[in-house]
Amino acid sequence: MNVEIAPEVQDALAADRPVVALESTIISHGMPYPQNVAMAREVEAIVRAGGAVPATIAVLGGVPKIGLSDAELELLGSSPDVVKVSVRDLPYVVARGQHGATTVASTMRLASLAGIRVFVTGGLGGVHRGAATSFDISADLTELGQTSVAVVSAGVKSILDIGLTLETLETLGVPVLVNGADEFPSFYSRSSGFAAPMRVDGPTEVAAVLAAKWSLGLPGGVVVANPIPVEDEIPAEEIGVIIEQALGDADRLGVTGKDVTPYLLGRIVEITGGASLTANIALVKANARLGAQIAAEMSLSAG
Ligand code: PSU
Ligand code: MN
């Protein structure tokens, strides 16, 4: 596949300097305009302040791009013609010369093609509630099972079945690290009712696990779950009720397939009057800080 890597990103990779990949579905289908574009810019600035080069990934006019201009971020955030692109959608959107916003799965794949090892996002896809009958399991999990990129997120939202998501990650051989806590976080909340599969404290410990995994010849991703900062948290009981309501609405409207996650995210922002968006932006920023530190640690150890 013809992939276009921005010169700044290419230079950093060639010199073993830290690079952090960022996804674009969160911009086009995860948050409303204009907060989405502001978030994308701020996150890039945080990565830079942490000493790493940001590489936001998307498909533009059918070309997968690693590292975007400011105008491209604006287009992704504001155009209604941007398709949500998971791995299965990549060939179609490329062949037709369309614009596409990449999910965790397709961003991981493109980051890996470019040689980027650290990727920052907000929330992972996973096993949806009711997956036993809907079969709705995000391709993010498949990709984590096979593509060697560390994904920094705030855990898994309870729009998903968190327990089944963790079980599936175990089956796929994906280490799930929780930074600085003993409980696996659920995006808006630091708690989920599930213990941290593995606890680490800080970027040096994360980088050590990544180095150990990949030097053992164990390909595949690593989940780095970074709990939302205490001051930005929405308590699990409070958001739980809202998530139930959003799930009920999705069901009633017959929302299925790739539209489920964007619908639920949008509906939760509506019901909370924007409070969930504020929390979402805060956690992505915290993840960007950690991701830049992890990338810096990895460059150090690469010499
Ligand atoms: N969860 C969020 N925000 C998001 C997503 C998930 O809190 O923006 C996006 C990510 O791009 C993720 C995708 O990879 O949704 C998962 O979609 P699906 O469940 O259709 O695989
Ligand atoms: Mn799905």
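Remember, it's 1-based here, ligands and their atoms both numbered in the order they're listed.
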Quiz item: What distance separates Leu110 CG from Ile116 CD1, expressed to the nearest 0.5 Å?
Solution: 9.5 Å
Protein heavy atom at shortest distance from [atom]:
atom	answer
atom 2 (C) of ligand 1	Lys157 NZ, 3.0 Å
atom 3 (N) of ligand 1	Leu265 CD1, 3.4 Å
atom 8 (O) of ligand 1	Ile26 CA, 3.5 Å
atom 21 (O) of ligand 1	Ser138 OG, 2.7 Å
atom 9 (C) of ligand 1	Thr25 CG2, 4.0 Å
atom 12 (C) of ligand 1	Asp140 OD2, 3.3 Å
atom 15 (O) of ligand 1	Thr261 CG2, 3.5 Å
atom 20 (O) of ligand 1	Lys84 NZ, 2.7 Å

Below 3.5 angstrom, do we get any N/O pair linking [X] and ligand 1?
X	value
Lys258	no
Thr103	no
Glu23	yes
Gly125	no

Quiz item: Can you tell me if His29 has a non-hydrogen atom under 4.0 Å from ligand 1?
Solution: no
Practice problem: Run the contact test for His128 against ligand 1 with a 4.0 Å cut-off on heavy atoms, strictly below, and give the result. | Solution: yes
Quiz item: Do Arg17 and Glu8 sit within salt-bridge range, that is, some charged N less than 4.0 Å from a carboxylate O?
Solution: no
Exercise. Decide, yes or no, whether a salt bridge links Arg267 with Glu270 under the criterion of side-chain N to carboxylate O below 4.0 Å.
Key: yes
Quiz item: If we only count heavy atoms from C-beta on, is the Ile268 to Ile239 side-chain gap below 4.5 Å?
Solution: yes
Quiz item: Taking side chain as C-beta onward, heavy atoms only, is Asp89 less than 4.5 Å from Lys84?
Solution: no
Quiz item: Numbering the atoms of ligand 1 from 1, which are under 4.0 Å from a heavy atom of Phe187?
Solution: 7 (O)
Exercise. Test Glu143 against Val104 for side chain to side chain contact (heavy atoms under 4.5 Å, CB included), laying out the working first.
Key: CA-CA 8 Å; Glu143 205 56 33; Val104 168; over 6 Å; no
Exercise. Measuring from the Mn ion (ligand 2), name the closest N, O or S atom belonging to Asp136.
Key: OD1
Self-check item: Contact summary for Tyr33 and Ser78, nearest pair of heavy atoms
Solution: CE1-CB, 3.5 Å
Quiz prompt | Taking every non-hydrogen atom, the tightest pair across Val206 and Ile294 | solution = CG1-CD1, 3.7 Å
Practice problem: Test side chain to side chain contact (heavy atoms under 4.5 Å, CB included) on Asn280 and Phe187 and set out the steps. | Solution: CA-CA 8 Å; Asn280 197 344; Phe187 198 83; 3.3 Å; yes
Quiz item: Taking everything shown except Glu244 itself, do over 12 heavy atoms lie less than 6.0 Å from its CD?
Solution: yes
